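Computed from a predicted model, the values in this text were never measured in an experiment. Convention: sequence-line order gives letters A, B, ...; per-chain numbering from 1.
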Amino acid sequence: MREQASTFAQGVDFSLYVIAGISVFFLVGITVVMLFFVFRYNKKRNPVATNIEGSHKMEVLWTAIPTLLVMVMFYYGWMGYKPLRNVPAGALEVTAYGQMWKFTFEYPDGRITDSLVVPLGKPVKVNLVSRDVLHSFFIPSFRMKEDMVPGKNNFLWFETTQKGRFDVLCAEYCGQLHSYMLSSVTVLDQHDYEKWLTSSASVADEHPGLSLLKQNACLTCHSQDGSKIIGPSFKGIFGKTETVVTDDAEREIVIDEAYISRSIRQPNADVVKGYMKGLMVSYETVLSEEQIGHITDYIKTLK
Amino acid sequence: MSSVSTNLNFFEAKKGIFSWIFSVDHKRIALLYLYSLITFFLVGVTLGLLMRYELLNPGKDLVEAKTYNQIFTLHGVIMIFLFIIPSIPAVFGNFFLPIMLGTDDVSFPRLNLLSWWVYVVGALMALSTLVFGDGPADTGWTFYAPYSVKTGTNVTMSVLAAFVLGFSSILTGLNFIVTIHRLRAPGMTFLKMPLFAWSLYATSWIQLLATPIVGITLLMIAAERLLGVGLFDPSIGGDPILYQHLFWIYSHPAVYIMALPAFGVISEMLPTFSQRTIFGYKAIAFSSLAIAFVGYFIWGHHMFTSGMSGTARFIFSILTFLVAIPTAIKVFNWVATLYKGSINVQPPLLYTLAFIFQFMIGGFTGLVLGALATDIHLHDTYFVVGHFHYVMFGGTGFAFFGALHYWYPKIWGRMYNIKVANVAFTIFFIGFNMLYFPMLIAGLMGMPRRYYDYLPEFHLPNMISTYGSWVLATGLIIMLSNLVAGFFGKKPKVGRNPWNGITLEWQTLSPPPVQNFDRMPVLPQNGPYDFDHKPVIEE
């Protein structure tokens with residue numbers, strides 16, 4: 001088991017120990033009795049069997065005991081789970097976006113990051129939003145996960161109990177690079193957190209187009225070095241003549257500003273031949289005209 | 001039946017391939033199923049071995065991510081729809097239900113043949129995705145929307161295949177229900193029926209009532225992909241959670257379609273190898289019905305993390321725990337059946353004991369997943385994969401191979417090499433636990449399922465698991481070779497009743513004649529397992 005890094009983890013582990021403890025006791029007990037019977041009543045030792053039709057007493061006993069025990073297990077499962085639904089007032093709210101195959105986080109001040117940074121011991125509520133298919137936001141060290149469902153806003157919340165960096169994994173299968181959809185939560189003490197919060201974003205000297213590509217998970221599928229991941233690479237793409245499939249018919253086009261803009265807004269309109277339709281979602285409502293302009297400018301620089 | 005003029009067994013009665021593939025004899029149809037099922041099972045095992053090899057080390061070992069995703073999807077589709085759902089009912093149910101009821105065939109023999117043909121068509125459709133279109137689906141066997149709507153792989157054909165296979169399952173279920181109601185031997189009341197028949201009865205009702213729901217759901221996926229009807233994809237107005245509800249309303253009860261027949265087989269083998277009556281006949285019979293009934297209301301436990309309301313999670317969790325009670329009752333009765341028996345340790349009993357042990361692990365890990373707090377951590381991790389394989393493979397799979405060893409002499413009239421069977425069992429058992437137990441550990445550590453690649457900390461359990469898959473495969477090869485060798489070998493023919501069993505199939509010839517009985521079967525006086533008044537059968 002991983003370390004318990006949230007207040008919720010203790011409840012989960014406790015209910016696990018209760019259920020596992022009862023289970024192991026019965027598993028071992030029943031197996032030992034079973035093997036003992038096979039040994040003791042082996043036909044060599046017991047050539048003549050005794051027919052026993054059954055016993056009402058025993059049936060009542062082994063109905064009542066499991067009923068009681070499963071209700072105990074249910075109770076601890078429920079008690080361990082209950083805190084997850086009751087978010088304390090005043091929790092820090094962060095929105096986590098999932099999309100093939102990247103998590104991004106948006107802070108109340110509009111700051112957008114690749115990984116989550118939170119203050120130690122403060123309640124944090126994470127709103128879970130998916131931009132395409134199902135994902136699941138899973139932090140093993142916090143013992144919690146909740147699905148990111150497109151069209152539906154889920155959430156989870158946690159209070160951390162130790163500093164450090166903890167893995168965030170995608171737990172709901174989401175296509176080709178599902179197992180590479182990773183991020184992390186960094187837990188800082190209040191002082192360091194405030195320092196991080198006030199520090200100017202390190203993206204300052206980056207091309208604004210590149211920042212946008214990173215924030216919107218474009219680079220998970222489109223490389224900058226010419227290698228083919230899921231979609232066409234951005235390297236040298238501007239000005240290139242390509243065969244695209246439009247309404248099931250092939251045609252040749254030159255990749256210009258208009259094509260890039262159209263591909264971001266309606267990704268399935270003209271798909272470059274040899275690439276799969278339907279995997280990319282429209283960024284019509286996500287990116288503004290100006291932002292698309294920054295992205296186009298940046299792509300022009302990738303020769 | 002006493003007017004039967006010839007006792008030619010069902011193998012000798014007619015010759016030629018057409019006398020098999022168009023046969024309406026339930027025994028021949030059962031064997032058609034057996035041969036097709038084993039073929040698909042071996043394909044599924046091969047895919048499983050490829051997956052395990054890929055996961056031996058972090059990073060790429062064998063195939064690309066997309067191929068891996070297609071492999072685990074096809075592995076799931078084949079193992080679930082082509083192997084485990086039909087397995088025990090289609091093979092041993094078809095072969096032995098009519099004989100155990102003391103009749104000459106199922107109620108609708110032609111429908112029975114149609115079921116097999118529908119199965120073959122569905123199977124070919126599923127496998128056609130290997131060569132046509134953009135490759136087999138890469139969605140997982142659950143076909144979760146909206147990914148299944150978006151992906152470019154051949155999902156449409158895969159779901160249509162599952163749709164067609166559903167009909168085979170429905171028709172078999174219908175056939176068994178009518179057979180059990182209408183064709184029991186005179187004097188065999190419901191409470192004098194063998195427990196295998198009881199478990200098939202409960203299973204058949206689930207097949208009949210639940211399968212249409214998944215059929216329509218899968219058609220909805222096809223409609224969404226082909227016609228753009230917004231059912232499950234929110235970007236065109238659908239709801240992905242609706243898909244999960246519809247899918248699990250069938251697929252949870254389907255777990256009992258897979259498990260209940262196994263309970264039936266175990267309830268047959270235990271009295272035979274203990275040489276005594278089953279403990280708590282009624283408790284076992286009625287708990288099958290209880291499981292079938294409660295099993296309908298607990299599908300939501302597959303969705304504890306999908307954003308259901310707290311109330312829904314509470315209710316589905318508590319109902320899930322209720323289904324554990326009838327299951328526990330069965331286990332206690334089985335173990336009590338060994339008490340004061342005269343136990344004959346033979347290969348089928350070894351599979352039975354392994355079944356009970358592994359099924360308990362499957363059940364207890366199921367409790368861990370049914371509890372809300374622990375499920376929030378373990379949902380969609382390898383713990384679920386381990387749990388599922390303990391129930392389905394360690395449970396139903398072991399019961400299937402146990403049944404194969406148990407009824408082998410009756411079906412083929414010869415015996416396999418018992419010593420080799422014991423050795424194969426031991427290797428198979430060790431391999432199984434080496435393969436799947438580490439998955440439980442990886443899940444507890446937080447490794448999500450359907451992972452092509454993993455963090456270095458998950459290496460050790462994955463490595464052990466992959467080594468286990470090789471041990472398991474070795475055991476499987478020895479086991480199947482031994483069974484095939486027994487068929488072609490020079491072992492003397494066995495008599496009617498090599499295990500000294502008591503149900504009606506042991507009163508007839510091995511292999512049985514076309515009409516099943518060469519003389520009128522005699523029911524034991526007080527119920528099917530009344531070893532005190534076991535009818536004396538002459539060879």
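- For B:Pro146 against A:Pro150, the heavy-atom pair with the smallest separation is CG-CG, 3.8 Å.
- Judged by distance alone, the side chains of A:Glu59 and B:Asn333 do bring a donor and an acceptor atom under 3.5 Å apart.
- Looking at B:Ile356, only its side chain comes within 4.5 Å of chain A, counting heavy atoms on both sides.
- Taking 4.5 Å as the limit, every side-chain heavy atom of A:Thr160 sits out of range of all side-chain heavy atoms of A:Phe166.
- The part of B:Phe72 that comes within reach of chain A is its side chain, from C-beta onward, which places non-hydrogen atoms under 4.5 angstrom from that chain.
- Each of A:Val48, A:Asn51, A:Val12, A:Val133 has some count of heavy-atom pairs under 4.5 Å with chain B, and the biggest count is that of A:Asn51.
- Using non-hydrogen atoms only and a strict 4.5 Å limit, the part of residues 313-325 of chain B facing chain A consists of B:Arg313, B:Phe314, B:Ser317, B:Ile318, B:Phe321, B:Leu322, B:Ala324, B:Ile325.
- Using a 4.5 Å cut-off between heavy atoms, B:Val335 contacts chain A through both its backbone and its side chain.
- Stacking of B:Arg449 on the aromatic ring of A:Tyr173 is not recorded, the 6.0 Å distance cut-off and the 45° axial limit not both being met.
- Heavy atoms closer than 4.5 Å to chain B are found in the side chain of A:Tyr180, but not in its backbone.
- Put simply, of B:Asp233, B:Asp375, B:Thr139, B:Asp239, the one with the most heavy-atom pairs under 4.5 Å next to chain A is B:Thr139.
- Neither the backbone nor the side chain of A:Met79 has a heavy atom closer than 4.5 Å to any heavy atom of chain B.
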Candidate pair A:Trp101 and B:Tyr452, rule ring-ring contact (aromatic ring centres under 6.0 Å, His included), full reasoning: CA-CA 14 Å; A:Trp101 291 275; B:Tyr452 163 71; over 10 Å; no
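- Heavy atoms of B:Val331 lying under 4.5 Å from chain A belong exclusively to its side chain.
- The most heavy-atom pairs under 4.5 Å with chain B, out of A:Arg85, A:Met100, A:Lys44, A:Arg40, come from A:Arg85.
- Across B:Tyr68, B:Tyr144, B:Tyr281, the residue that shares the most heavy-atom pairs under 4.5 angstrom with chain A is B:Tyr144.
- For chain B, no part of A:Phe36 is nearby; none of its heavy atoms comes within less than 4.5 Å.
- Ranking B:Ser235, B:Gly363, B:Ser306 against chain A, the residue ahead of the rest is B:Ser306, based on heavy-atom pairs under 4.5 Å.
- Listed by chain and number, the residues in a side chain to side chain contact (heavy atoms under 4.5 Å, CB included) with A:Ser223 are A:Asp225, A:Ser227, A:Ile229, A:Ser233 (sequence neighbours excluded).
- In terms of the salt bridge (charged side-chain N to carboxylate O under 4.0 Å, His left out) criterion, residue partners of A:Arg143 (sequence neighbours excluded) are, by chain and number, A:Asp13.
- The residue among A:Thr63, A:Asn46, A:Leu128 with the most heavy atom pairs within less than 4.5 Å of chain B is A:Asn46.
- B:Arg225 approaches B:Ser148 most closely through the heavy-atom pair NH1-O, 2.6 Å.
- In terms of heavy-atom proximity, B:Tyr382 sits nearest to B:Ala442 at CB-CB, 4.2 Å.
- Relative ring orientation between B:Phe304 and B:His301 is described as perpendicular, the plane-to-plane angle rising above 60° on a 0-90° scale split at 30° and 60°.
- B:Leu455 is linked by a side chain to side chain contact (heavy atoms under 4.5 Å, CB included) to A:Arg2, A:Asp167, A:Leu169, A:Leu182, B:Glu457, B:Phe458, counting only residues two or more places apart in sequence or in another chain.
- Note: B:Gly307 leads B:Gly307, B:Gly370, B:Ser287 in heavy-atom pairs under 4.5 Å with chain A.
- The only option from A:Phe158, A:Phe8, A:Phe137 that meets the ring-ring contact (aromatic ring centres under 6.0 Å, His included) definition with A:Phe142 turns out to be A:Phe158.
- Heavy-atom minimum distance, B:Ala336 versus B:Phe279: CB-CG, 3.5 Å.
- For A:Met148, no part sits under 4.5 Å from any heavy atom of chain B, backbone or side chain.
- Heavy atoms closer than 4.5 Å to chain B are found in the side chain of A:Lys152, but not in its backbone.
- Only the side chain of A:Asn154 comes within contact range of chain B, judged by heavy atoms closer than 4.5 Å.
- Using a 4.5 Å cut-off between heavy atoms, A:Leu84 contacts chain B through its side chain alone, with no backbone atom that close.
- Among the candidates A:Leu27, A:Ile22, A:Leu177, the residue making the largest number of heavy-atom pairs closer than 4.5 Å to chain B is A:Leu27.
- For the residue pair B:Asn500 / B:Gln275, a side-chain donor-acceptor distance below 3.5 Å is found, with atom types taken as modelled.
- With a 4.5 angstrom heavy-atom cutoff, B:Ser274 touches chain A only via backbone atoms.
- Between B:Phe355 and B:Trp334, the ring centre distance stays below 6.0 Å.
- Your options are A:Lys43, A:Met144, A:Met73, and the one with the most heavy-atom pairs under 4.5 Å with chain B is A:Lys43.
- At a threshold of 4.0 Å, the pair A:Glu53-B:Lys282 does not count as salt-bridged, since none of the basic side-chain nitrogens sits closer than that to a carboxylate oxygen.
- Within the 4.5 angstrom heavy-atom criterion, atoms from both the backbone and the side chain of A:Phe74 approach chain B.
- When each of B:Ala371, B:Gly341, B:Ala65, B:Pro448 is checked for heavy-atom pairs under 4.5 Å with chain A, B:Gly341 comes out on top.
- Ranked by heavy-atom pairs shorter than 4.5 Å toward chain B, the options A:Val149, A:Leu35, A:Leu134 are led by A:Leu134.
- Both the backbone and the side chain of A:Val38 come within less than 4.5 Å of a heavy atom of chain B.
- The backbone N or O of A:Ser183 sits nowhere less than 3.5 Å from a side-chain atom of A:Ser115 that would complete a donor-acceptor pair.
- Both the backbone and the side chain of A:Ser55 come within less than 4.5 Å of a heavy atom in chain B.
- A donor-acceptor pair shorter than 3.5 Å cannot be found between the side chains of A:Ser136 and B:Asp380.
- A side-chain donor from one of A:Asp147 and B:Thr305 sits under 3.5 Å from a side-chain acceptor of the other.
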